[in-house]
Number of protein chains: 2
Amino acid sequence: MVDSEDRATAAATATRAAATPAAAATPATALAAERPAPDLYARMREAVLSLELAPGQRLSERGLEPQFGASRTPIRAALMRLESEGLVSRDPRGWTVAPIDLDELATLAEFREVLETAIVRLATERASDDDLAGVAELVMTLSSASSADDGLGTGTGFHRELASLSGNTFLATALEGVLTRLYRTRWLEVRSAESRERALHEHEAIANALRSRDPAGAELAVVQHLRATQQRLLESLNANRVGLRASGMTIAGDAR
Amino acid sequence: MVDSEDRATAAATATRAAATPAAAATPATALAAERPAPDLYARMREAVLSLELAPGQRLSERGLEPQFGASRTPIRAALMRLESEGLVSRDPRGWTVAPIDLDELATLAEFREVLETAIVRLATERASDDDLAGVAELVMTLSSASSADDGLGTGTGFHRELASLSGNTFLATALEGVLTRLYRTRWLEVRSAESRERALHEHEAIANALRSRDPAGAELAVVQHLRATQQRLLESLNANRVGLRASGMTIAGDAR
DNA sequence: TCCTCCTGATTGGTATACCAGTATGGTATC
DNA sequence: GATACCATACTGGTATACCAATCAGGAGGA
């Protein structure tokens, strides 16, 4: 038997432009569909990271079609990719935006410490003097930018640069994954001027240890920075916890 | 206009069983398609890891259909998943079975050392006495099995167990990824009885350090084991290099 | 009033038609 | 004989029809 819907939409199929889904013609309630659309995966990722798609929210492939102006096949592909990044999860029922899990954040912090201590140790061995001077400069650049843009990308840029200087792509990729999973906490956390100030000093301490090619010192500075950062995060989350729960986001686990 | 092929295959469509592709009826030249088929991803993964799909080999989604008795959609999904594991890669042209890259193996070894030293350090802190006794027992079990099955899964089972005892799922997952990327080298490597014997002793050293809850000793034993293993691998690869190239597999990088 | 069963809607999973871009081979021309 | 060009046969990317399973809601009975 020939597809009945195929016949029904035959006219529309004949006239529609190349690879545009029928629904895209009227993206009335579109969320991220308004922009020129770089690529679907990036837009969906952005929607998750910006909390436009809330942690714990159920997603259906068909429901996402009109929102993102694409058909199920690419949406499904994007979901699978996001799943491999831990931003979305699949249960027998369907898809869910990964909840923010405080236990996971703790485990993640521990993992991150392992990665970053190794990263700075290798960086002291391998990076050129120019590279390390560049790191010190980067600290200043990002710190001045931080007053402007609220310090959003501040920390991660610095840490990404260190990872690159380690010369080990697996370390860099793993850290990238950690930063991705950590990203959404920035929206839940209150960042005071003084906490930014302290983070800046900690970055400087790391940069200095790197310049003097002191692996032990660099590892220590990194550990201190990461632990202080984690503590600031947890304090902030605990303070906001009641309000966060009320916002409809799923936040699981103990904040110890 | 209605799909012409749709009409052409209408009869076949009407009679075919639920979710079986038409081509599956005659999987003449099937490779992995013969078995009852657990799930497609697992079979394709197995085909890559067993070198049934050779390193560097070009893959086309349509070409894989008859081999695995599935249609493009699930094959594509499996390829994307394998891509995220580093077993398959996507260039502008299409899909390729990931070549075995000796440079990558070196970077991977370094990464692994970072992971496993952290793993045993955490295991000395967290694992129960029973767990650690179990590790010592596992060494013996796997060593006796190694004489039987050529020691195929020997090393990885031990290391996986350690990862689990670290109590950090990210460390365990990352190590899993490393072991996956490393897996295919076992087919290129000659494993002598004495090398297995040495690996056994190294495993025992690790287990002993764990039982005495000696983090520094455990880290040292792990580093020694991993470096010795890596050296055995590189020696074996260098010795076989010419023969390996002739086998049609792509093997890239310097074996230093 | 509560429980049960049935029906419709919704889910992900799959097969496949079509598209645009690209490589490849043969042919015709110089 | 060499080279340029064109047709054909691929490639992955996309849209969509269909399937089975499962969930939700309502109607009917106890």
Side-chain angles (χ1 to χ4, degrees), chain A residues 1-25 27 33 37-44 57-66 68-83 88-96, chain B residues 1-25 27 33 37-44 57-66 68-83 88-96:
Chain A
M1 192 176 301
V2 175
D3 306 339
S4 57
E5 187 179 341
D6 197 356
R7 270 180 280 128
T9 60
T13 303
T15 54
R16 79 155 180 266
T20 310
D39 85 293
L40 177 65
Y41 158 74
R43 281 186 299 140
M44 290 186 60
Q57 180 180 340
R58 306 298 312 253
L59 300 175
S60 89
E61 297 171 1
R62 287 177 179 84
L64 293 170
E65 281 189 42
F68 290 92
S71 72
R72 278 184 69 203
T73 309
I75 282 179
R76 195 177 165 72
L79 284 171
M80 291 190 297
R81 205 164 148 194
L82 293 171
E83 183 190 22
V88 145
S89 60
R90 196 174 355 194
D91 19 295
R93 299 179 170 288
W95 301 94
T96 305
Chain B
M1 189 174 298
V2 176
D3 305 339
S4 59
E5 187 179 339
D6 197 354
R7 270 179 281 129
T9 60
T13 304
T15 53
R16 77 156 180 266
T20 309
D39 83 294
L40 177 65
Y41 158 74
R43 281 187 299 140
M44 288 185 61
Q57 180 180 341
R58 306 296 313 249
L59 300 174
S60 89
E61 298 172 1
R62 286 176 178 85
L64 293 169
E65 282 189 42
F68 289 93
S71 72
R72 276 184 72 202
T73 309
I75 282 179
R76 197 178 163 70
L79 285 171
M80 291 190 297
R81 206 165 149 193
L82 293 171
E83 182 190 22
V88 145
S89 59
R90 203 185 336 206
D91 19 294
R93 300 178 168 287
W95 300 94
T96 304

Checklist outcome for this item: Of the listed C:dG12, C:dT16, D:dG13, the closest approach to the B:Glu61 side chain comes from D:dG13

Next on the checklist: So if I take every side-chain heavy atom of A:Arg90 and compare against C:dG13, D:dG13, C:dA15, which nucleotide ends up nearest?
Outcome noted: C:dG13

Next on the checklist: With a 4.0 Å cutoff (strictly under), does any side-chain N or O of B:Thr73 reach OP1 or OP2 of C:dT14?
Outcome noted: no

Checklist entry - At under 4.0 Å, does any side-chain N or O of A:Arg72 touch on OP1 or OP2 of D:dT16? => result no

Checklist entry - About how many Å separate CE of A:Met44 and CG of A:Leu59, when rounded to the nearest 0.5 Å? => result 6.5 Å

Checklist entry - How many angstroms lie between atom CZ of B:Arg81 and atom CD of A:Glu83, to the nearest 0.5 angstrom? => result 7.5 Å

Checklist outcome for this item: Nearest heavy-atom contact between B:Ala70 and B:Leu40 is CB-CD2, 4.0 Å

Would you mind reading off the distance between [X] atom [atom1] and [N] atom [atom2], rounded to a whole angstrom?
| X | N | atom1 | atom2 | value |
| --- | --- | --- | --- | --- |
| B:Ile75 | C:dG13 | CD1 | P | 16 Å |
| B:Arg76 | C:dT16 | CZ | P | 17 Å |
| B:Tyr41 | C:dT14 | OH | P | 15 Å |
| A:Asp39 | D:dG12 | CG | C1' | 15 Å |
| B:Arg58 | D:dC10 | CZ | P | 15 Å |
| A:Leu40 | D:dA15 | CG | C1' | 13 Å |
| A:Leu79 | C:dG13 | CG | C1' | 14 Å |
| A:Leu64 | C:dG12 | CG | P | 9 Å |

Next on the checklist: Base, sugar-phosphate or nothing for B:Leu59? Non-hydrogen atoms, less than 4.0 Å.
Outcome noted: sugar-phosphate

Checklist entry - Only one of B:Glu61, B:Gln57, B:Arg58 forms a side chain to side chain contact (heavy atoms under 4.5 Å, CB included) with B:Trp95, so which one is it? => result B:Glu61

Next on the checklist: Main chain of B:Arg72, side chain of B:Arg62: is a donor-acceptor contact present, judged purely on distance under 3.5 Å?
Outcome noted: no

Next on the checklist: Tell me whether the side-chain N or O atoms of B:Arg93 pair up with the base of C:dG21 as donor and acceptor below 3.5 Å, since no angle test is needed here.
Outcome noted: no

Checklist entry - When you match B:Arg62 and A:Asp91 each to their closest nucleotide on DNA chain C, which lands nearer the 5' end? => result A:Asp91

Checklist entry - Toward the 5' end of DNA chain C, which comes first, B:Pro74 or A:Ser60, by nearest nucleotide? => result A:Ser60

